[in-house]
Amino acid sequence: MAKDLTLYPADRKGELLELASIEDLNTMARQVRRDIIRMLALANSGHTGGSLGMADIFTALYFRILRHNPHGFREHDNEDVVFLSNGHIAPVWYSVLARAGYFPLSELKSLRQLNSYLQGHPTSESKLPGIRIASGSLGQGLSAATGAALGHRIDGRTNRVFCLMGDGECQEGQIWEAAMSAAHYGLGNLIGIVDYNNQQIDGEVDKIMNIEPFADKWSAFGWDVYSCDGNSIEDVLATLEGILALEDRTKPTVVLASTLMGRGVPFFEGTMADGSNWHGKPPSMDEAEKALAVLGETRFGDFEA
């Protein structure tokens with residue numbers, strides 16, 4: 001909750017980093033997972049599983065794929081646009097935004113604190129760099145992304161629009177209304193990435209409300225469909241770079257990125273023995289210490305708590 005926030009200070013920037021190698025990207029993804037664990041434990045609130053599972057995809061996007069300028073957010077006409085529809089995994093987004101230089105690492109310790117810029121779901125009223133819209137009311141992000149992609153095309157711009165979604169979120173009808181609209185308007189500048197982990201807060205997606213045949217549904221709605229291992233940075237890069245290399249795309253594209261909820265910390269991964277998962281609960285301080293021991297320190301260093 002942010003009751004009395006002023007606009008985010010324009011001069012508050014983070015350190016810009018360029019990661020040249022796959023090894024660097026994998027190390028950064030591990031550091032992002034450390035950030036997520038520490039942020040959630042400090043807040044004693046938030047979503048662990050999906051945040052950990054998407055660390056590789058966010059790292060690949062922000063350190064290799066996106067055309068963006070972290071110190072000049074919204075200042076360049078051709079910058080790529082990112083919408084996080086499944087806003088509950090905000091910790092992974094905040095970590096990567098900070099690591100990429102949008103704002104200082106010191107902000108990460110304030111996750112979910114009163115009057116923090118880093119609220120539990122992303123919000124836009126304070127103009128935190130990197131965030132365009134409030135999100136987390138599931139099913140709405142693809143509509144915003146479709147509108148943005150259409151608007152950029154009308155304006156004659158070359159911006160690519162990326163929308164990240166959850167597979168459980170795709171039980172929402174609004175996703176499919178947006179999917180139909182994007183195909184109708186031939187939005188080749190729109191790329192959806194689905195966290196395809198078969199997990200939602202109440203259990204496994206196929207048991208709560210089955211979405212299969214998932215790839216066939218997107219194809220039937222007029223989208224080009226790709227699959228990748230969302231926990232392999234190499235595969236994520238190969239898939240996205242292959243899509244972006246295609247000229248004159250006339251259909252929207254979706255990537256079904258298979259991930260493991262809680263990836264990187266074995267005792268947070270997948271479905272627990274009692275049928276529960278780590279979708280919507282934070283680690284305790286003791287659990288966080290054990291998780292950090294598994295992940296190990298990196299050369300990028302932890303944020304100061």
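Everything numeric in this text was worked out from a predicted model, so none of it was measured.
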Starting from [Y], can I reach [X] by hopping between I/L/V/M/F/W/Y residues whose side chains sit under 4.5 Å apart?
| X | Y | value |
| --- | --- | --- |
| Y8 | V96 | yes |
| I193 | L237 | yes |
| M261 | F214 | no |

S143 versus E177: any side-chain heavy-atom pair under 4.5 Å?
no
I'd like to know if the side chain of [X] and the backbone of [Y] have a donor-acceptor N/O pair within less than 3.5 Å.
| X | Y | value |
| --- | --- | --- |
| W176 | C170 | yes |
| S135 | L84 | yes |
| R30 | L295 | yes |
| D80 | R160 | yes |

Should the ring pair H47 and H121 be called parallel, tilted or perpendicular, given that the plane angle runs from 0 to 90° and is split at 30 and 60?
perpendicular
Run the side-chain contact (heavy atoms from CB on, under 4.5 Å) test against A90 and tell me which residues pass, sequence neighbours left out.
Y94, P122
Could you tell me which residues satisfy side-chain contact (heavy atoms from CB on, under 4.5 Å) with E289, sequence neighbours excluded, listed by chain and number?
none
Under 3.5 Å side-chain donor-acceptor pair for D56 and N231:
yes
Side chains of E204 and T271, donor plus acceptor under 3.5 Å
yes
For atom [atom1] of [X], decide whether the heavy atoms of other residues, nucleotides or ligands shown that lie under 6.0 angstrom number more than 12.
| X | atom1 | answer |
| --- | --- | --- |
| E212 | CD | yes |
| Y185 | OH | no |
| D274 | CG | yes |
| E234 | CD | yes |
| M272 | CE | yes |
| K13 | NZ | yes |

Could you tabulate the donor-acceptor pairs under 3.5 Å formed by side-chain atoms of residues 298-305, not counting sequence neighbours?
unit_1	atom_1	unit_2	atom_2	d
T298	OG1	Q31	OE1	2.5
T298	OG1	F300	N	3.1
R299	NH2	D24	OD1	2.8
D302	OD1	Q31	NE2	3.0
D302	OD1	R34	NE	3.0
D302	OD2	R34	NH2	2.8

Separation of [Y] [atom2] from [X] [atom1] (nearest 0.5 Å):
| X | Y | atom1 | atom2 | result |
| --- | --- | --- | --- | --- |
| L108 | L42 | CG | CG | 10.0 Å |
| K217 | I211 | NZ | CD1 | 7.5 Å |
| S85 | M165 | OG | CE | 7.0 Å |
| I233 | M28 | CD1 | CE | 10.0 Å |

Answer yes if the ring centres of F83 and F162 are under 6.0 angstrom apart, and no otherwise.
no
Please report whether the ring centroid of H68 lies less than 6.0 Å from that of Y102.
yes
With side chain to side chain contact (heavy atoms under 4.5 Å, CB included) as the test, would you mind laying out the steps for I65 and L244 before giving the verdict?
CA-CA 9 Å; I65 295 295; L244 295 172; 3.8 Å; yes
Heavy-atom pair with the smallest gap, counting every atom of A148 and V161
C-CG2, 4.3 Å
